[in-house]
Protein chains: 2
Amino acid sequence: MAVTIHEVAKGADVSVSTVSRAFTMPDMVNAATRRKVLQVAEELGYQPNRAARGLVTGKTGNIGVVVPDVANPFFSAMLKGCTARAREVRHVVFLADAAEDPRVEAEVVGAMAKQVDGVVLCSPRMQPTQLERLVGSTPLVLVNRDEAGLPAVLMDSGDGARQALEHLAALGHRRIAHLAGPPASWAGEQRLQGLRAAAPACDVETVELGPFPPTFQGGVQAADLALARGVTAILAFNDLMAVGVLNRLAARGVAVPADISVVGYDDIEMSSMTTVPLTTVRMPMEAGGRAAVDLLLDGLDAGIEPEATHRWLPTQLIVRSTTAPPRQDSGSARVLAGR
Amino acid sequence: MAVTIHEVAKGADVSVSTVSRAFTMPDMVNAATRRKVLQVAEELGYQPNRAARGLVTGKTGNIGVVVPDVANPFFSAMLKGCTARAREVRHVVFLADAAEDPRVEAEVVGAMAKQVDGVVLCSPRMQPTQLERLVGSTPLVLVNRDEAGLPAVLMDSGDGARQALEHLAALGHRRIAHLAGPPASWAGEQRLQGLRAAAPACDVETVELGPFPPTFQGGVQAADLALARGVTAILAFNDLMAVGVLNRLAARGVAVPADISVVGYDDIEMSSMTTVPLTTVRMPMEAGGRAAVDLLLDGLDAGIEPEATHRWLPTQLIVRSTTAPPRQDSGSARVLAGR
DNA sequence: TTGAAAGCGCTAACAC
DNA sequence: GTGTTAGCGCTTTCAA
């Protein structure tokens, strides 16, 4: 079944160490010998057993990636970045889907620890103490979370929130709802802070709603609450929620953006796919995945445990037709009568 | 750094084999001893090195999953099923994203082969001959492809196409466009066949368009072609394309479903998120992922190479408001005048 | 430039 | 019920 290094050695009539060298340190072996070895290996379809190699070198060539939910477009985009970059640097990805469960997150890191050179934790939901317990089991890099002095790739969604707020304020909106996602979301917290910080200068009043599930349904649910609070604009936690909001507004006969403006956060083009093009804060998820892999590997090369290095990635507001100046006759009353 | 079995043995004052047994065959060791061992292991934070274990047992406890594109909702849903099921049976998932490149598919299987117990190939795009070359390197299970006598999980999208066609025919549609996706897609081929087979009995004429990229843009592009052919209904390759179609129709002032009916294929609720709820053929992607993992593992348990076992999963038409009877004044002319 | 041998962390006979 | 020992496939001293 599995063709081993011994068979290649026998076939090429050399010792196993020569075969090994032909692969790992090619110029330490005679050109002719090497050619022969490589050829025999090719014929036999030999592929070094990376697990065995890892056992002795201590380097597996694998990296672990843990996401809260692969089916969430944000995280599948991030995963895409991780796998793509990993491939470029000849590494393989171990994937774990934590199913939005903090305990699973901790558990899987333990399970992977020994078979990987390090783990990328994407938006981990777990408690700081749990996170700290993981430190030392294997090199860790965080994405969109800043904790325990760990190296991290951080997206500046606080700044994105500011951009969105200023955009809406410039249009004349004075009362804006913020729909929160999962409480454990670092990015969500950043957005809220960015919003609060920017609101006074923009002369905007923010209405903080939630938490809601970061889903289509969460958006539907949130839309009614936002409507009842008489806002003229809504900032949704992510594109899924934003689409839910859009749908609920449509169902209630509220026009977007005539009656209410909507802004979401997305990764790629999810939101360009809505029938009413959705204004969004662009989160560079794929780039984040790539950066995380780099950070992890750089840290490993550099020496021991990587220094706590933070890589900030900018976010960008993409304005589309879901935002417009508020009506002069002010949203609230009209909207509530709308149905 | 990494705590080994030896340290646990020393700490518990037993031999390594006792520690090993305490983990792998608990009832072959004295209850008191076991308790002590487990406790010491706990304290030291010992986790067996699965790679080393695999080296001797020949079983890694890992399974490989190869997808054409993680960022595609179809495949992230399938991946979700794989990881969920894998976890339930205490396995870890090795993920590879082939970036829609057949060569990469073959390559990654080779790279993973030695570290996994088997590989799930999701909708592989590679040639039959390439696929055959992979057989033997590691146990393989196919999803949505039937080739080389390999075990496979197959979704009956041919039947889904039939259901969609009959639905549209029942509404009175007589001229229906089929928008093809990637030529290498087995599922696409199935749908086309299902359509062709069902069309005569339904007294329907099918207009076969494509191939198009299975994306939003592909749908935009396809919509114009379909319109020009004067159909009253459109069957899109997947939900992304369907949404593209919807958008382009809206942009051209064509009403859905008044002027044209649209049907897509989707996995979960993507299509319930469109502003005009989209009628779709439901593909059980997540269930497919789970089934594939089961098939792989069952085959391994059963004995040698798994028999070529096929698992067919049904598809289901979900009717929503994007389909309606065609206008009496017949779509074609009206629509073309529409803009 | 090459080979022989030790050993990575673990399990699986085979003794005791 | 427990310990000793021989490897799993590979890399890496150390000698030749």
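Every chain is numbered from 1 and lettered A, B, ... according to where its sequence line falls, protein lines coming before strand lines.
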Roughly, in whole Å, what's the span from CZ in A/R21 to C1' in C/dA4? 11 Å
With a 4.0 Å cut-off on heavy atoms, is A/S17 in touch with a base, just the backbone sugar-phosphate, or nothing at all? base
Counting only heavy atoms from other residues, nucleotides and ligands, does the tally under 6.0 Å from CG of A/D13 exceed 12? no
Calculate the interatomic distance between B/D27 atom CG and D/dT2 atom P; express it in whole Å. 12 Å
Between the CD atom in A/Q127 and the CD atom in A/E132, the distance rounded to the nearest 0.5 Å is 11.0 Å
Whole Å only: how far is the NZ atom of A/K36 from the P atom of C/dT2? 12 Å
Nucleotide nearest A/V16 (side chain, heavy atoms from C-beta), chosen from C/dT11, C/dA5, C/dT2: C/dA5
When B/V66, B/N62, B/I63 are each screened for side-chain contact (heavy atoms from CB on, under 4.5 Å) with B/V119, the one that passes is B/V66
Please examine the side chains of B/L121 and B/L131, heavy atoms only from C-beta on, and report whether any two atoms are closer than 4.5 Å. yes
Are any non-hydrogen side-chain atoms of A/P26 and A/R21 less than 4.5 angstrom apart? no
Atom CZ of A/R35 and atom P of C/dT1 are separated, to the nearest Å, by 14 Å
Charged N to carboxylate O under 4.0 angstrom, B/K10 versus B/E7? no
How many Å lie between CD1 on A/I5 and P on D/dC8, as a whole number? 13 Å
Going by an N to O cut-off under 4.0 Å, is there a salt bridge joining A/R34 and A/D27? no
As a test of reading the structure: which of C/dC10, D/dC10, C/dG3 is closest to the side chain of A/Y46, going by heavy atoms? D/dC10
Length of the CE-P vector between B/M28 and C/dC16, whole Å: 18 Å
Go through residues 48-60 of chain B and report each residue with a non-hydrogen atom lying under 4.0 Å from DNA chain D, sorted by number. B/L55, B/V56
Specify the separation, in whole Å, of atom NE2 of B/H6 and atom P of C/dG9. 8 Å
From CE of A/M25 over to C1' of D/dT13, roughly how many Å is that when rounded to an integer? 11 Å
Quick one: label B/F23 by what it contacts on the DNA or RNA (base, sugar-phosphate, nothing), any heavy atom closer than 4.0 Å. nothing
Start at the 5' end of DNA chain D and walk down; is the nucleotide closest to B/A31 or to B/K114 reached first? B/A31
Look at all strands and tell whether A/T18 reaches a base, only sugar-phosphate, or nothing, counting heavy atoms closer than 4.0 Å. sugar-phosphate
